Amino acid sequence: MSRRSFLRGATQVAAAGSMIGSSAADEMAASEAAGASEVEALRGASELEISVNGKLRTVEVEPRTTLLQALRTHMEPPLTGTKEVCGMGSCGACTVLIDGQPAYSCLTLAATCAGRPITTVEGFGSPDAMSDVQQAFCDKDGMMCGFCTPGFVVATHAALERAPEADLDELKYQLSGNLCRCGTYPHVFEAAQAVQEDRARGGEGR
Amino acid sequence: MSRSNHRPESSEPSWGKRSDLDVLNRDIPRVDGPVKATGQAVYTHDVRLPNMLWARLLIHPVPRAEIESIGLEAASEMPGVVHIEALKEPGDAVRYMGDDAVLAVVAAETPDQAADALRAIEVKAKRLAPVVTPEQALEEGAPVVSRRRNADSNVGRANERGDEALADAALAGAVAVVERSFEIPVQHHVCLETHGHVIQPAPDDEPVTVYASTQSVGGTPRGLARTLGRDASRIRVLTPHMGGGFGSKFGPGLEGALAARIANATGRPVHLMLTRSDEFAIAGNRSGSRQTLKVGAGSDGRLVGLKLQADKLGGVSGGSLPGPPYIYTVEDEAAVSSKIRSVHTATDGSRAMRAPGHPQASFAMEAAMDELAYLLGMDLVEMRIRNLESEVHHRQLRRVAEEIGWGEHPHRDRPGSAENGRAVGIGFGVSVWGPGGRSSRCDVTVRPDGSVVSATATQDLGTGARTYVAAIVAEELGLTVGMVEARIGDSDLPPSVTSGGSVTTGSSAPAIKDAAHKARESLEVLLEDVLEAPVGSYVWKDGQVSVRGDASRSLPWIAVCALLREPLVAQGEFREFLHEGRIHGAQAAKVEVDTLTGRVKVLKMVTCQDQGLPLNRLALRSQINGGMIQALSYGLLEQRVFDEQDGFLLSDNLDLYKIAGAQEIPEMVALIDDEDERPSVCGMAEAPVIPGHSAIAGAIHNACGARLTRMPFTADNVLETLYGKI
C-alpha cells in the first residue's frame with residue numbers, strides 16, 4: 001500500500017469518528033470501500049478522536065499532522081510535556097507510548113492513532129503522585145535542563161517493561177533512542193537501576 | 001512589609017564549618033525535579049497564550065548571494081497569515097550564513113500555516129562563491145567576508161606575543177622537541193530547547209511580558225527595549241525553565257527582535273522559536289581552530305620553550321583561544337611566542353560556549369605533554385606534575401590516576417600496541433577556570449505563618465541554581481529545603497548576573513547567604529525578649545531555634561515566625577569574602593581502540609574537581625559528568641560540515657550532527673575534591689568540559705601509538721593516523 005493511500009484511509013476513517021477500537025487494517029479497508037475522491041480526502045482538517053492518558057480527546061488534524069503536533073498545538077488544552085527537539089526521529093524527546101509501545105510522536109501521524117491508547121509523560125504521574133521512574137529521576141538527579149527528561153521518563157518506563165532485568169549494557173541499548181545534551185546519562189542509568197532494585201524488592205512498579 | 005532591622009554591628013555571614021552543615025555539602029534532589037520529571041515544567045517552547053501567533057523565519061540556503069527579489073504576494077494570501085515581511089530588498093547581499101541570511105519572517109494563526117506560507121515565498125537570488133572554509137577565505141582574491149570596517153582580507157588582526165627568535169633559540173637547546181599541527185572543527189551548542197521567545201504585548205501603561213529561553217533574564221529587557229519602543233523597566237522577562245544554553249543564549253538576538261516587532265505590529269502575542277535547522281544555521285557555535293604548536297623540554301621534563309601559530313575559525317566573529325602555554329608553565333616566559341589570528345569565513349559567528357577557547361587550547365597542549373613524555377621516557381602523570389605550578393593539580397592528577405588504574409597500567413612512559421587488533425590506553429588532561437563573582441542581590445522573606453521565600457533574578461540553565469537558592473536559606477535558618485520557596489527566572493526580582501563563565505554561583509550564592517543571615521539576625525533580635533539571649537547566641541537546627549549551650553530554651557520555627565507582626569524582608573548582596581575566584585580540575589580517560597576497524601570505545605572517565613564548598617554534591621556530580629560527556633562527544637563525534645562547493649550547511653540536523661548517546665557513555669567517576677577546604681563557594685561548570693577530549697586523544701595515543709591531531713576521532717581518522725592515507 002502506498003503512503004498516500006494509507007494517509008487517505010486513516011484520515012477518512014478518523015473523520016467518520018467511528019474507529020476507536022478497530023484495527024488499522026480495518027480502518028483502511030473501510031476507507032477504500034468508501035471510495036471518496038483522493039484529492040478531497042487529502043485536503044483540510046478533520047476531527048479525530050484519540051485516547052490520551054485514558055481520556056478521549058477530540059482534536060482537529062490534517063493528514064500531515066503528527067501526533068506530536070496534535071498533542072502540543074492542536075489539543076485544547078495542549079499537552080506540552082512531550083517535547084519537540086529534532087523533529088525527525090533522532091533524539092527521542094517526543095517519546096510517548098502508543099499501544100504500550102514507545103514511539104517517536106514526531107514520526108507518527110496523528111491520524112494513525114485513532115483507537116490506539118496513547119500515554120504521554122503526563123500520564124505516568126503528577127508532581128504530587130509520581131511514578132516510580134519519575135521519583136527515581138528526581139532522587140538520582142537524572143535531569144539537568146530537563147528538556148529531554150519527559151522522553152527519557154517514557155523510554156525508561158518502556159525499557160523496564162520490555163527488559164525488567166536488563167543489565168547496564170542492555171539498559172544503555174534500550175535508552176539509546178534518546179539524546180541528552182547536558183550529559184545526564186549516568187544518573188539516568190542509576191535511576192533506572194534504582195527502579196529495578198525497588199521493583200525486585202516488591203515495589204509497586206507504578 | 002518591614003525592612004530588615006539589621007544592625008550594622010552584627011556578625012558577618014559565613015558558610016560555617018563543613019561538619020556543622022545539615023543541608024549544604026550533601027546530595028540535594030533538585031527542587032524542580034518533580035515538575036520536570038512529570039512534564040509539568042513550562043519552558044518558553046511550551047507557552048500558549050490566547051490569540052497567539054506562530055512565527056517562523058525564512059533562511060537563505062547558502063551563505064552568500066545577491067537578492068534579486070523576495071516575492072511575498074502568494075504567501076501573504078495563504079490561509080491564516082497575519083504578518084509577513086521581507087528583511088532584504090532587491091540588490092541586497094546575503095553576506096554570511098547566520099542572522100544575515102534571514103530573508104523573511106511570517107506569523108500565522110497556526111504553526112502549520114506559518115510553515116506553509118514560508119514555502120510560498122518566492123526568492124530569486126544569485127548565489128555567490130560560498131567562502132565556508134579557511135582555504136577559501138585565504139585564497140588570493142577571495143571575496144572579503146570579514147565584518148571588520150575597511151577589511152581588505154579575511155584575516156583579522158593578529159595577536160602576537162613574545163619574541164619568536166628567543167623561542168627558537170630556547171627550542172634549539174631543548175633535549176626533546178615536538179611540533180604538530182592540529183585541526184579542530186566547529187562545534188555547536190545543541191541546546192535541546194532552541195532559541196526563542198514568546199512576547200505578549202501590552203498597553204503603554206502595563207508591562208510587556210516576554211518569555212525567553214535565555215541565560216540572562218536580567219539583561220533581556222535592555223536587549224528588547226528599543227525594538228519594543230519602551231523603557232526596559234516596563235518589560236518583564238520570565239524564564240521559569242530553560243532547555244540548555246551553554247553560552248549561546250545571552251541576548252534576544254535577531255529572533256527576539258523580530259518577535260518583538262511582530263508583537264508590536266499586530267498587538268498579539270507571538271511565539272517565535274527557531275526550528276532545529278535554524279538553530280544550527282544562526283544560533284552560534286564554538287569556534288574551530290588550526291594550530292601549529294612546537295614545544296621543547298629539558299631532560300628533567302621541564303618545558304623550556306614554546307611556539308604557537310594559530311588561526312581561530314569563528315566565522316564572521318573572532319573566535320577564541322587563550323594564549324600559550326595553556327595551564328602548564330614554561331619557566332622562562334621570554335621563551336614563549338605566539339601568533340594567533342582570526343580567519344573569517346561567511347559562516348555564523350562563534351559565541352561563548354562552555355569555557356570558550358579552552359578545550360581548543362587544551363587539545364594541542366596536552367598532546368605536546370604526551371609526546372614530550374614519550375620522547376623522554378617519562379611517566380605521563382609525572383611529566384604533567386613537573387610542569388604544573390599548582391599543588392591542587394598535583395593531588396588531583398594523582399587521584400584520577402589512582403582511580404583509573406594508572407599504577408597497574410603496563411605502559412606509562414611509552415605507547416602500547418595492539419594485541420589481536422585491540423589496544424587499551426589511558427590519557428590525562430587538566431583544567432582551570434576563574435569564574436569569580438560580581439554584584440548580585442537576593443531578598444529573603446519570612447512571613448508570620450512560617451513560609452519563607454528566597455528570590456533573585458537568576459535563571460536555572462539546568463545547573464541546579466534554583467535548588468541552592470532555597471537550600472542556602474534552609475541551611476541558615478535550620479529548615480528543610482522544602483520549607484523554602486525559591487523564586488527565580490523573573491526580571492522583576494532583585495537583580496542577579498547573566499549566567500556565563502560559571503559566574504552564577506559565585507555571584508548569587510553569597511547574596512542569598514547574606515540575605516538569609518540578615519533574616520536570621522533580625523529574628524534573633526525578636527528572640528532577645530523571648531529566649532533572653534543576645535543576637536548571635538542561637539542555634540538554628542531541625543526546624544527549631546535554641547540558645548547555644550542551653551537546649552531547654554528553644555522555640556519551634558513556626559513560633560518564631562509568629563513573633564512577626566508583618567513579613568520580614570531581608571535584602572542580601574554579593575559579599576566578596578563568601579566567594580572563591582579560581583578552580584582546578586584533572587581528568588583521566590581509558591579507551592579501547594580496535595586497530596582493525598579504527599573504532600574507539602571510551603571505557604572509563606574520571607574527573608577530580610575543586611570548587612570551594614560544594615553546595616549540592618548531587619548537582620555537582622551531574623555537572624562534572626555533563627562536562628566529561630560533552631567533551632567525549634566533542635572528541636568522538638561532533639563536527640559542523642559545510643558543502644564546500646555550494647555552501648550548504650550539511651550538518652543542520654541531529655542525524656548528521658551527532659552528539660553522544662547512551663551507548664557512548666563509559667563508566668564515569670565524578671570526584672569532588674574534598675581536600676579543597678576553602679570556606680567559600682564558586683561556580684565550576686566550565687572546567688570539566690575543558691580536558692576530556694584531550695585525555696581521550698592521549699589515551700588513543702597511549703593505546704596504540706596513533707597521535708590524532710584532527711577531531712573528531714572517527715574510525716577513518718584513527719585508521720588514517722595508524723596506517724596513512726589509503
Side-chain angles (χ1 to χ4, degrees), chain A residues 62 64-65 69 72-74 77-91 93 120-122 124-128 130-131 133-135 137-150 153 171-189, chain B residues 27 29-30 32-43 45-48 54 110-112 189-194 241-246 275-277 460-464 616 618-619 621-623 625-630 632-633 653-655 659-665 667-668 670:
Chain A
E62 293 175 58
R64 62 173 169 176
T65 307
Q69 292 170 316
R72 288 183 55 84
T73 59
H74 290 234
L79 280 176
T80 57
T82 307
K83 299 292 184 253
E84 177 173 9
V85 169
C86 72
M88 61 188 292
S90 300
C91 77
T120 69
V121 66
E122 292 95 337
F124 287 97
S126 62
D128 296 329
M130 288 191 279
S131 71
V133 170
Q134 289 167 327
Q135 183 66 54
F137 269 68
C138 294
D139 295 345
K140 300 295 178 184
D141 210 32
M143 67 188 84
M144 282 192 256
C145 84
F147 214 69
C148 71
T149 308
V153 164
L171 276 176
K172 288 181 182 178
Y173 170 73
Q174 290 286 344
L175 296 174
S176 61
N178 293 60
L179 291 175
C180 165
R181 184 48 157 175
C182 299
T184 59
Y185 300 107
H187 287 174
V188 169
F189 306 151
Chain B
D27 283 7
R30 58 186 72 216
D32 46 11
V35 289
K36 286 181 173 179
T38 56
Q40 303 297 325
V42 175
Y43 296 75
H45 256 263
D46 305 328
V47 173
R48 305 284 182 267
W54 299 79
T110 72
D112 278 344
H189 302 79
V190 198
C191 312
L192 291 197
E193 182 182 38
T194 58
H241 300 280
M242 63 94 78
F246 313 112
T275 65
R276 183 56 50 188
S277 60
D460 192 329
L461 282 54
T463 55
N616 178 354
L618 183 59
R621 291 198 303 277
S622 284
Q623 283 279 3
N625 285 338
M628 285 192 275
I629 289 168
Q630 286 187 354
L632 175 150
S633 186
N653 60 65
L654 280 172
D655 234 13
I659 63 171
Q663 289 188 291
E664 273 88 35
I665 305 306
E667 179 188 355
M668 310 206 85

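Naming: A, B, ... by sequence-line order, numbering from 1 per chain. What you are looking at is a predicted structure, and each value in this text was computed from that prediction instead of being measured.
Minimum heavy-atom separation, B/Asn653 to B/Asp655: OD1-N, 2.8 Å. Between B/Arg276 and B/Val190, the shortest heavy-atom distance links the atoms NH1-CG1, 4.1 Å. In terms of heavy-atom proximity, A/Met130 sits nearest to B/Thr38 at CG-CG2, 3.8 Å. Residues B/Gly39 and A/Val121 come closest through the heavy atom pair CA-CG1, 3.8 Å.
The most heavy-atom pairs under 4.5 Å with chain A, out of B/Gly626, B/Ala37, B/Gly33, come from B/Ala37. Contact count against chain B (heavy-atom pairs under 4.5 Å) is highest for A/Thr73 among A/Thr73, A/Thr82, A/Thr65. When the candidates B/Pro29, B/Gly243, B/Ser622, B/Gly661 are compared by the number of heavy-atom contacts under 4.5 Å with chain A, B/Ser622 comes out ahead. The candidate with the highest count of non-hydrogen atom pairs below 4.5 Å against chain B, out of A/Gln69, A/Gln134, A/Lys140, is A/Gln134. Of the listed residues B/Met242, B/Glu664, B/Met628, the one with more heavy-atom pairs under 4.5 angstrom with chain A than any other is B/Met242. Taking chain A as the reference chain and counting heavy-atom pairs below 4.5 Å, the highest number among B/Gln663, B/Gln623, B/His189 is found for B/Gln663. Between chain B and the residues A/Leu179, A/Asp128, A/Thr149, the most heavy-atom pairs under 4.5 angstrom are made by A/Leu179.
With A/Thr184 contributing its side chain and A/Met143 its backbone, the two residues share no donor-acceptor pair below 3.5 Å. Using a distance-only test at 3.5 Å, with no hydrogens or angles considered, a donor-acceptor pair links the side chain of B/Glu193 to the main chain of B/His45. Checked by atom type and distance alone, the side chain of B/Arg30 pairs as donor or acceptor with a backbone atom of B/Gly462 at under 3.5 Å. In this structure a side-chain-to-backbone donor-acceptor pair under 3.5 Å is missing from A/Tyr185 to B/Ile629. A distance-only check finds a donor-acceptor pair linking the side chain of B/Lys36 to the backbone of A/Met144 [under 3.5 Å].
By the side-chain contact (heavy atoms from CB on, under 4.5 Å) test, A/Asn178 is found to be paired with A/Thr95, A/Phe152, A/Ala155, residues two or more places apart in sequence or in another chain being considered.
Within the 4.5 angstrom heavy-atom criterion, only side-chain atoms of A/Met88, from C-beta onward, approach chain B. Using a 4.5 Å cut-off between heavy atoms, B/Ser633 contacts chain A through its side chain alone, with no backbone atom that close. With a 4.5 Å cut-off on non-hydrogen atoms, A/Val153 touches chain B through its side chain but not through its backbone. Neither the backbone nor the side chain of A/Gln174 comes within contact range of chain B; no heavy atoms are under 4.5 Å apart. Within the 4.5 angstrom heavy-atom criterion, only side-chain atoms of B/Gln40, from C-beta onward, approach chain A. Proximity to chain B (any heavy atom under 4.5 Å) is shown, for A/Asp141, by both the backbone and the side chain. For a residue to count as touching a neighbouring chain, one of its non-hydrogen atoms must lie under 4.5 Å from one of that chain's; by this rule A/Ser126 touches chain B with the backbone only. For A/Cys148, the parts sitting under 4.5 Å from any heavy atom of chain B are the backbone and the side chain alike. For B/His241, no part lies under 4.5 angstrom from a heavy atom of chain A. Contact of B/Leu192 with chain A is made through backbone and side chain together, with heavy-atom distances under 4.5 Å. In this structure, the portion of A/Lys83 lying under 4.5 Å from any heavy atom of chain B is its side chain and not its backbone.
Between B/Tyr43 and A/Phe147, the ring planes lie perpendicular to each other; the angle is over 60°, past the 30° to 60° tilted range.
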